Structures are given as C-alpha cells and as structure tokens.
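Just below is one structure, and these are the notes that go with it.
For the numbers below, each heavy atom of this structure counts, side chains included, while hydrogens, waters and symmetry mates do not. For clarity, every value in this text was computed on a predicted model and none was experimentally measured.
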Amino acid sequence: MGIYIIAAGAAVFLVGGVFSTYQLYKLVQTDATCRGIKSPRLWGALAAGGNNQSGIVLYLIYRRRYPIISITSEQQTFMDKCKKKIAVGLMFLVVGIAACIWGAVFLE
C-alpha cells in the first residue's frame with residue numbers, strides 16, 4: 001500500500017511543480033512586458049528555469065532599472081491570478097511531498 005501512496009504523492013508533486021513553473025513563466029513574461037523590457041519570453045523562461053532559482057533572482061535585479069511603463073487592469077488582474085495559482089501549485093508540492101513521506105513510513 002505504501003508504494004501506491006508514494007506514486008500518488010510523486011504524481012501530485014510533479015503536477016504542482018509543472019503548474020507553478022508555468023505560472024511563474026507567465027507572471028514574469030507579463031511583468032517584463034509591462035516594464036518594456038526586451039525579450040519578455042526569454043526572461044520568463046530564464047526565471048522559470050534555472051538551477052536554484054537563480055534566474056528569478058537575476059530578473060528581479062535586472063528589472064529594478066525599468067519602472068512600470070503601462071499596465072492595464074487586465075494585466076494586473078492576470079498577474080494577481082498568476083500569483084494565486086502559484087500558491088496553489090506550491091500547495092500541491094507540499095501535499096505531494098507529505099504523501100511521499102507518509103508512503104515511505106508505511107513501507108517499513
């Protein structure tokens with residue numbers, strides 16, 4: 001029974017990770033567009049990928065030079081929704097890890 005719990009936890013963890021990464025990509029891409037930064041897709045991919053989240057740190061340092069030029073209410077609500085979706089994805093990560101640990105306890 002423990003192996004099934006571990007497999008389900010790993011699946012939930014994977015879904016949460018992919019979902020959070022994609023939402024972070026969309027959030028950074030929208031923020032870069034609002035600030036007038038060149039290549040917003042590249043910055044989104046750099047921020048979402050990368051080891052140790054060094055890409056998001058690099059983006060946060062780089063964006064300091066660019067104030068928000070124009071932001072529509074649609075973009076603002078989209079960014080707020082992305083933030084909430086990232087939180088949901090992180091909850092999936094936590095639940096997945098907890099299920100894996102719980103399954104490992106049942107294996108013994």
Side-chain angles (χ1 to χ4, degrees):
M1 173 154 172
I3 194 74
Y4 297 118
I5 295 173
I6 292 174
V12 170
F13 179 80
L14 182 65
V15 167
V18 170
F19 187 72
S20 295
T21 303
Y22 178 71
Q23 292 303 320
L24 181 63
Y25 166 78
K26 295 302 288 181
L27 180 67
V28 170
Q29 182 182 4
T30 305
D31 183 63
T33 302
C34 293
R35 293 176 183 274
I37 297 175
K38 294 180 182 176
S39 305
R41 288 183 183 170
L42 175 67
W43 280 107
L46 182 66
N51 298 331
N52 306 25
Q53 291 301 320
S54 57
I56 190 71
V57 172
L58 188 68
Y59 174 72
L60 290 173
I61 292 170
Y62 182 73
R63 82 178 196 149
R64 295 175 115 194
R65 291 186 248 162
Y66 294 92
I68 294 177
I69 295 172
S70 66
I71 186 167
T72 63
S73 61
E74 292 87 19
Q75 288 173 327
Q76 183 64 44
T77 56
F78 179 75
M79 290 172 70
D80 291 338
K81 286 181 183 179
C82 282
K83 291 174 189 176
K84 291 177 184 176
K85 289 178 182 179
I86 289 172
V88 169
L90 292 176
M91 284 187 234
F92 269 75
L93 287 170
V94 169
V95 168
I97 288 294
C100 287
I101 292 170
W102 190 42
V105 168
F106 275 132
L107 274 179
E108 294 180 0

Over all heavy atoms of both residues, which pair between [X] and [Y] is shortest? Give the atoms and the distance, please.
X      : Y     : value
Leu107 : Ile3  : CD2-N, 4.0 Å
Ile69  : Arg35 : CD1-O, 3.4 Å
Leu60  : Arg64 : O-CG, 3.4 Å
Gln75  : Cys34 : OE1-SG, 3.3 Å
Cys82  : Gln23 : SG-OE1, 3.4 Å
Cys100 : Gly9  : SG-C, 3.7 Å

Return the [atom1] to [atom2] distance between [X] and [Y], rounded to the nearest 0.5 Å.
X     : Y     : atom1 : atom2 : answer
Ser20 : Leu90 : OG    : CG    : 4.5 Å
Asp31 : Leu24 : CG    : CG    : 10.5 Å
Trp43 : Ile56 : CH2   : CD1   : 10.0 Å

Between [X] and [Y], is there a shared hydrophobic cluster once you connect ILVMFWY residues whose side-chain heavy atoms come closer than 4.5 Å?
X     : Y     : result
Leu46 : Val57 : yes
Val12 : Tyr4  : no
Ile86 : Val28 : yes
Phe92 : Val18 : no
Leu27 : Ile68 : yes

Minimum side-chain heavy-atom gap [X]-[Y] below 4.5 Å:
X     : Y      : answer
Ile71 : Met79  : yes
Lys26 : Phe78  : yes
Arg41 : Tyr25  : yes
Ile6  : Phe106 : no

Would the number of heavy atoms belonging to other residues, nucleotides or ligands and lying under 6.0 Å from OH of Tyr59 be above 12? yes

Taking OH in Tyr62 as the centre, count heavy atoms belonging to other residues, nucleotides or ligands within less than 6.0 Å. Is the count above 12? yes

